[in-house]
Number of protein chains: 2
Amino acid sequence: MKVTFKGDYALKAVLDLALHYNKELVTGHDLAQRIDAPIKFLEQVLLDLKKGGFVESRRGNIGGYLLSKAPVQITVGEIIRFIEGPTEPISCVRESYSNCTDIHRCVFKKIWQRVSQATSDIIDNVTFEDLVSQVNAGRQVLAYSI
Amino acid sequence: MKVTFKGDYALKAVLDLALHYNKELVTGHDLAQRIDAPIKFLEQVLLDLKKGGFVESRRGNIGGYLLSKAPVQITVGEIIRFIEGPTEPISCVRESYSNCTDIHRCVFKKIWQRVSQATSDIIDNVTFEDLVSQVNAGRQVLAYSI
DNA sequence: GTATACTCTACTTTGTCAATAGGAATTATA
DNA sequence: TATAATTCCTATTGACAAAGTAGAGTATAC
Ligand code: FES
Ligand code: FES
């Protein structure tokens, strides 16, 4: 699995929206500043996240974005897969891998499947609620240490 | 981790050489045919594998390639990392990840580290001897079923 | 000396990533 | 209603890597 800037922005955006869940709308402008992303690029990412059903929006003055589900119902894996595609290191759609009569070539597939499964076991079991908790815990530590 | 054609070819090439280890040299031509790779592209990959110390070669008539170590001493992880680079889904060299004072941004790093570790646990524990065994086992099954 | 093979470097093509640009549509509110 | 703020949509660009192509150069067995 490879994670591009787009995927990185998407994850950070969803986390930021999760931190504001059930509170206020978040404008693209504020979001872009906090996660340090170019606003016009982020807008496209947010549009994608809308199409994916993760995010809703309100237009016009005092508009903004919000999560369409509770953070506990969104996993990191869902976002990553939606933005980046399958987690497999290499796809078997390729010709060299598609004729599986030749065992000589297919020993590697099992490895990629194991890697893919191990990756999924991690990213599908982290919800944005978990991440919100981590951030809040970090903030408390900071508050105490001041 | 993403695996490109180059990495795919490299793995298949090393496996083929492992299947001929301590037997005969393998020419680039034969290798390219068996693993279905463009010969001129494969030659570059083999040169890289030479520089990495995985492969040796003999020039001239009746030349060819051979493994420089026993298959049991080469892991899939070594080859992949040498050809493709680090296994992390996303690198922390990026600016947005480099100022780790902001915890809000760093919650994802732990996830990528876990994915990276899980990947390593798999690919670093498969040697080409293991793969040779698998291929031979597959061949036996085929032989019996005929 | 010649056929066969590896070596080295440069080039091309293609596609993706990341960002940029500019406007169109929508909405609260003064 | 005018206006400012905001999201929505599409097109374009620049940089870079992936994948393959090309051809001349070097070594070696026979
Ligand atoms: S190749 Fe995809 S598996 Fe045999
Ligand atoms: S960002 Fe690389 S870690 Fe905090």
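Just so it is clear: chains get the letters A, B, ... in the order the sequence lines come, proteins before strands, and each one is counted from 1.
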*Just by distance, do the side chain of B:Thr75 and the backbone of B:Thr127 share a donor-acceptor pair under 3.5 Å?*
no
*asked:* Which label fits B:Phe108 and B:Trp112: parallel for a plane angle under 30°, tilted from 30 to 60°, or perpendicular past 60°?
replied: parallel
*Look at the side-chain N and O atoms of A:Tyr9 and state whether any lies under 4.0 Å from the OP1 or OP2 oxygen of C:dC17.*
no
*Donor-acceptor pair under 3.5 Å: do we get one between A:Lys40's side chain and the base of C:dG22?*
yes
*Atom-pair distance (CG on B:Leu25; P on C:dT4), nearest Å*: 17 Å
*Is any N or O donor-acceptor pair between the side chain of A:Gln44 and the base of C:dT20 shorter than 3.5 Å?*
yes
*Whole angstrom value for the distance that separates C1' of D:dT1 from CG of A:Asn61*: 15 Å
*Would you mind telling me which of D:dG20, D:dT28, C:dA19 lies closest to the side-chain atoms of B:Phe5?*
D:dG20
*Listed nucleotide nearest any side-chain atom of B:Arg59, set D:dG20, D:dT26, D:dC8*: D:dT26
*Distance in angstrom units between B:Leu47 CG and D:dG25 C1', rounded*: 13 Å
*Start with the C-alpha gap between A:Arg81 and A:Asp124, add the side-chain angles, then the distance that decides, and say whether salt bridge (Lys or Arg N to Asp or Glu O under 4.0 Å) holds.*
CA-CA 10 Å; A:Arg81 252 183 284 266; A:Asp124 291 337; 2.3 Å; yes
*What is the distance, rounded to the nearest whole Å, between atom CG of B:Leu42 and atom P of D:dT21?*
13 Å
_On DNA chain C, does the nearest nucleotide to A:Gly60 precede the nearest nucleotide to A:Gly7 from the 5' side, or the other way round? Give the residue._
A:Gly7
*Go through the N and O atoms of the side chain of A:Glu43 and the base of D:dC8, and report whether any donor-acceptor pair is under 3.5 Å.*
yes
*Starting at atom CZ of A:Phe41, determine the distance to atom P of D:dC9, rounded to an integer number of angstrom.*
18 Å
*Respond yes when some side-chain nitrogen or oxygen of A:Ser57 is under 4.0 Å from OP1 or OP2 of D:dC8, and no when none is.*
yes
_Closer than 3.5 angstrom, by distance alone: can the side chain of A:Asn125 be matched with the main-chain N or O of A:Asp121 as a donor-acceptor pair?_
yes
*Measure from the side-chain heavy atoms of A:Ile62 and tell me the nearest of C:dT7, C:dT20, C:dT29.*
C:dT29
*Take atom CD1 of A:Ile39 and atom P of C:dG22, then tell me their distance rounded to the nearest Å.*
15 Å
*Starting from the 5' end of DNA chain D, give me the residue, B:Lys2 or A:Val26, whose nearest nucleotide shows up first.*
A:Val26
*To the nearest Å, give me how far apart CG (B:Asp8) and P (D:dA19) are.*
9 Å
*Within the structure, does a side-chain N or O atom of A:Lys6 lie under 4.0 Å from either OP1 or OP2 of C:dA18?*
no
*Give a yes-or-no answer on whether the side chains of B:Asp48 and B:Gln44 include a donor-acceptor pair shorter than 3.5 Å.*
no
*For A:Glu24 and D:dT6, give me the distance from atom CD to atom C1', rounded to whole Å.*
16 Å
